[in-house]
Amino acid sequence: MLKNNVEIDVKVKCMEEGITQAQLAEKVGTSAPYVNRVIKNPDGVVNKTFLSMMEQLGYDVELTYVKREG
């Protein structure tokens, strides 16, 4: 089971950094609609097969975000 809600996480991190998804898309070199699609696609960040394998091994998956310094 994926413990994170990636869509909310990205929105919150954008708010914390004071940027929009469109600005994030520009920084990454892609379009705003594509960023939105990746965020909302359940297989966009972590695929179902990986999650199923980890679940069968007895693990839940939780992403940790660590702010880089500098």
Side-chain angles (χ1 to χ4, degrees):
M1 170 177 173
L2 180 62
K3 297 245 177 190
N4 299 69
N5 184 328
V6 176
E7 180 180 16
I8 290 175
D9 292 345
V10 172
K11 288 179 182 179
V12 167
K13 294 301 177 194
C14 282
M15 288 173 39
E16 288 175 356
E17 297 301 318
I19 66 171
T20 65
Q21 286 183 30
Q23 291 168 320
L24 177 60
E26 187 177 327
K27 287 176 180 257
V28 188
T30 192
S31 69
Y34 182 73
V35 167
N36 191 269
R37 232 179 14 254
V38 168
I39 292 168
K40 289 189 174 186
N41 179 358
D43 284 334
V45 177
V46 180
N47 78 37
K48 289 180 186 176
T49 303
F50 172 73
L51 290 176
S52 293
M53 289 188 297
M54 294 308 290
E55 286 177 355
Q56 291 303 312
L57 292 167
Y59 291 90
D60 288 331
V61 175
E62 185 172 1
L63 302 174
T64 302
Y65 309 107
V66 179
K67 180 77 174 168
R68 287 183 302 207
E69 294 185 27

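Basis for what follows: all heavy atoms, side chains included, without hydrogens, waters or symmetry-related copies.
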Joint cluster assignment, Leu63 & Leu57, ILVMFWY side-chain distance < 4.5 Å: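 In one cluster with Leu63: Leu57, yes.
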
Hydrophobic cluster identity match, Val35 and Tyr65, side-chain contacts under 4.5 Å: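 Yes, Val35 connects to Tyr65 through the hydrophobic network.
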
Taking every non-hydrogen atom, the tightest pair across Ala32 and Ala22: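 For Ala32 versus Ala22, the nearest heavy atoms are CB-CA, 3.8 Å.
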
Closest non-hydrogen atom pair, Gln23 against Gly18: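 Heavy atoms of Gln23 and Gly18 come nearest at OE1-O, 4.1 Å.
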
Side chain to side chain contact (heavy atoms under 4.5 Å, CB included) between Ile39 and Gln21, worked out: CA-CA 10 Å; Ile39 292 168; Gln21 286 183 30; 3.8 Å; yes

Whether over 12 other heavy atoms sit under 6.0 Å from Glu16 CD: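 Yes, the 6.0 Å shell around CD holds more than 12 heavy atoms from other groups.
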
Neighbour count above 12 (heavy atom, 6.0 Å) for Glu26 CD: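 No, the 6.0 Å shell around CD holds no more than 12 heavy atoms from other groups.
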
Nearest-0.5 Å distance that lies between atom NZ in Lys13 and atom NZ in Lys67: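 Going from the NZ atom of Lys13 to the NZ atom of Lys67 covers 8.5 Å.
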
Gap separating the NZ atom of Lys40 from the CG atom of Asn36, nearest 0.5 angstrom: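 Rounded to the nearest 0.5 Å, the NZ-CG separation comes out at 4.5 Å.
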
Min side-chain heavy-atom separation [X]-[Y] under 4.5 Å:
{"X": "Tyr34", "Y": "Val28", "answer": "no"}
{"X": "Ile8", "Y": "Lys11", "answer": "no"}
{"X": "Val38", "Y": "Val10", "answer": "no"}

